[in-house]
Every structure is written in C-alpha cells, then in structure tokens.
Amino acid sequence: MPELPEVETARRYLERGILGQSVSAIDVRLPKLLRDSPLPSLELLLNHTVVAVGRRAKVLILAFDHDLTLLVHLKLAGQVAVFLSSGERLVAGHPVPAPFGEYPHKVTHIEFHFAEGTVVYFSDVRQFGWFRLMPTSDVEAAIDAFAFGPEGTGALDVDALSAIISRRSIPIKTLLLDQSFIAGLGNIYVDEVLFRSHIYPATAARDLSDAERNTVLGHVPAVLAEGIRQGGAKIIHNIAHPVDQFPAVHGRGGEPCFVCETTIEKIRVGSRGTYFCPNCQPPTH
DNA sequence: TGCGTTGTTTCACC
DNA sequence: CGGTGAAACAACGC
C-alpha cells in the first residue's frame, strides 16, 4: 500500500530506468484509470522523452519534453515495475503482481516501452490509482490544488506544526494522516511514528505535552527514511514481514512487541485499522 | 458473501 | 466558514 516511501522508491527506479529515454509504444488496457485527465490520451506521449521524474507527497510527476507531464497516484494497490534492457527488474509498491513473475500480469493496466529497451508496467489489483496527463505548464497549479503540507521527509517547522497539534481535538493519528498537515504518511508509517513516540494513537492531538509533540514530529522524517531505506515496507495481505524490526507494530496484531514482548493490539481510530503496543503506548490521557 | 482494505473527497452538522 | 466524524468511492480477495 504505497505511502511516501513506496512512491519515492518508484520515483528512484523510474529515474534510473527511463530518464532521457523516448517512448516507442504505449499499451493502455484500462483507459478509465485516466480519471479527470486534462488531456484525454496517453498516445500523446509517443516519441516524447522523459526529462524529469519527480514526486510531491504520494504523487509521481513524470515530465516529458514538449510540455507534457504525467501525474500518477498509486493509491491503495498500485505497483510500478521497471524492466531494464539488461534484464534487471526494479519493482516498487504493492506486492501484486509478484515481482519475479510474468509481466504483463492480468492486473497490469498500462505499459510503456522505450526506444532504449526499457519497459515500465503499471499494475493495480484494486484499480483505485489514477493517471493524469497535462501540459507541464499546468502542473504547478494542479499540485497546488492538492494543498499538500510540508514533505514529511524534510526538515519540519516544528514550532508551527506543534502549534497546530496543540489546537486540534481529533486523534493524533488522524491528524498525522492529513496530507495537508504533513504530506507522505499513511496508515503504516503513522502507526510506526506513534509507536516510537510511545503515544496511544487515539489520544486527542491537543492532549499531547510539549515534549510529546516534539517527539512525534522528530520521528516523522526518521520513520519515512527507514521506509525509503528498505524500499518500502513489506506487508502482504495486511501481515507485516518486518526487516530489521520494521515495521514494529503495523500488521503485527497478536505478535509480541519487539521491545517488551507485550502482544500487539489492533483497534480502530478514525475508522482505520490501527496497531499499537498497549505497554509501550498506554492510553494515559 | 459481505466485510475489510486505503487515500482522498464529500457531506451533514454544529 | 471551519472543524469534525462519518460516509462515500474506487474494486476485489477472502
């Protein structure tokens, strides 16, 4: 389930695979994935060259020459698979299709072929993702319209964000999921941030102490960095397969906490499945 | 088979 | 109008 680390991994793979390359063929098997696209057809990208591969929040930004840019959101279950001409595969995002299996898979909906031999497969078992093609000159306004907050990977303005936390009554988890507060966290990494911060996820944001607010904000870039370092969290059918004890709580209901061996619990916060350690994150407020 | 799944938007309401 | 919580939506696997 692609959050910022999975999308950033996809961005890096695409940059390595297709930057400077020219589109030689496009196969769109599920045209409806171009939802609300200003330009109606990906065919417009034929013979165009990739000039930049960017990302804002969880949105991939593929810039081509001659004023064309493709925005991609992987949503719940999107996957990007880059097949280099060497035969090496770079796969980011959802674990379906199996990275070492056959492509295109039945849930592979769009594929790009490049003159240099690289092939990119976009797959999405849930079909919730979207593609939007537009003039590059319109991208800035399109991204602004999302009203994303600061990138969770970067240096955060702790004073300003802490002040916002102190005024909100919603659960701290719900606030951290709000992309206009901080961009990039999703359900997995929010649970990890709160575990490292020793904070019960349903705690009202305004009930956090000064120290707790700083702790939470401090863990955001660190947790995202660990996700990126791993190329995304390994979670299959909602069961975590931790690497270096990460993720520590998300997808580990019924399993022992890596720190204290207390059984990890699952609750619902803001109608989202939420994992926490009842000993490390007691509901003290 | 109806429920769970997530990121995001929409809606009713205060 | 803004904050809030819940519902809606996309579609499918189990």
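Order of the sequence lines fixes the chain letters, A, B, ..., with proteins taken first and strands second; residue numbering starts at 1 for each chain.
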Discussion item. Using the side chain to side chain contact (heavy atoms under 4.5 Å, CB included) criterion, which residues pair with A183(A)? Sequence neighbours excluded.
Written reply: R56(A), A57(A), F148(A), E151(A), Q179(A)
Item to complete: Would you check if the side chain of R132(A) reaches a backbone N or O of P38(A) as a donor-acceptor pair within less than 3.5 Å?
Response: no
Practice prompt. Ignoring backbone atoms, test whether H73(A) places a side-chain nitrogen or oxygen under 4.0 Å from the OP1 or OP2 oxygen of dG7(B).
Written response: no
Worksheet item: Taking the six-membered ring for Trp, are F195(A) and H198(A) parallel (under 30°), tilted (30 to 60°) or perpendicular (over 60°)?
Response: tilted
Discussion item. In whole Å, I'd like the distance from the CD1 atom of I239(A) to the P atom of dC14(C).
Written reply: 13 Å
Discussion item. Nearest whole Å is fine: how far is dT6(B) C1' from K58(A) NZ?
Written reply: 8 Å
Worksheet item: Whole-Å distance between dT8(B) P and L175(A) CG?
Response: 15 Å
Worksheet item: Can R126(A) and D124(A) be counted as an ion pair, charged N to O under 4.0 angstrom?
Response: no
Practice prompt. Please state whether the rings of W130(A) and H73(A) are parallel, tilted or perpendicular, taking 30° and 60° as the class boundaries.
Written response: tilted
Practice prompt. May I have the distance from D124(A) (atom CG) to dT5(B) (atom P), rounded to whole angstrom?
Written response: 18 Å
Fill in: d(CG, L177(A); P, dT9(B)) in whole Å
14 Å
Worksheet item: At what angle, to 10 degrees, do the two end axes of the helix from dG2(B)-dC14(C) to dC14(B)-dG2(C) meet, given five pairs define each axis?
Response: 50°
Report each atom pair, protein N/O against N/O of nucleotides 4-10 of chain C, whose distance is under 3.5 angstrom.
unit_1	atom_1	unit_2	atom_2	d
dT4(C)	OP1	S169(A)	N	2.8
dT4(C)	OP1	S169(A)	OG	2.6
dT4(C)	OP2	R168(A)	NE	2.3
dT4(C)	OP2	R168(A)	NH2	2.6

Worksheet item: Going by heavy atoms in the side chains, are V23(A) and F114(A) under 4.5 Å from each other?
Response: yes
Discussion item. Taking the basic N atoms (NZ, or NE/NH1/NH2) and the acidic carboxylate oxygens, is any pair closer than 4.0 Å for R196(A) and E192(A)?
Written reply: no
Discussion item. Rounding to an integer number of Å, can you tell me how far L71(A) CG sits from dG7(B) P?
Written reply: 19 Å
Item to complete: May I ask you to decide if S166(A)'s main-chain N or O and R213(A)'s side chain share a donor-acceptor pair within less than 3.5 Å?
Response: no
Discussion item. Using whole Å, what does the distance between atom P of nucleotide dC12(C) and atom CG of N238(A) come to?
Written reply: 18 Å
Fill in: Nucleotide dT5(B), atom P - distance to CG of L74(A) in whole Å
21 Å
Worksheet item: Got a salt bridge between E88(A) and R16(A), using NZ or NE/NH1/NH2 to carboxylate O under 4.0 Å?
Response: yes
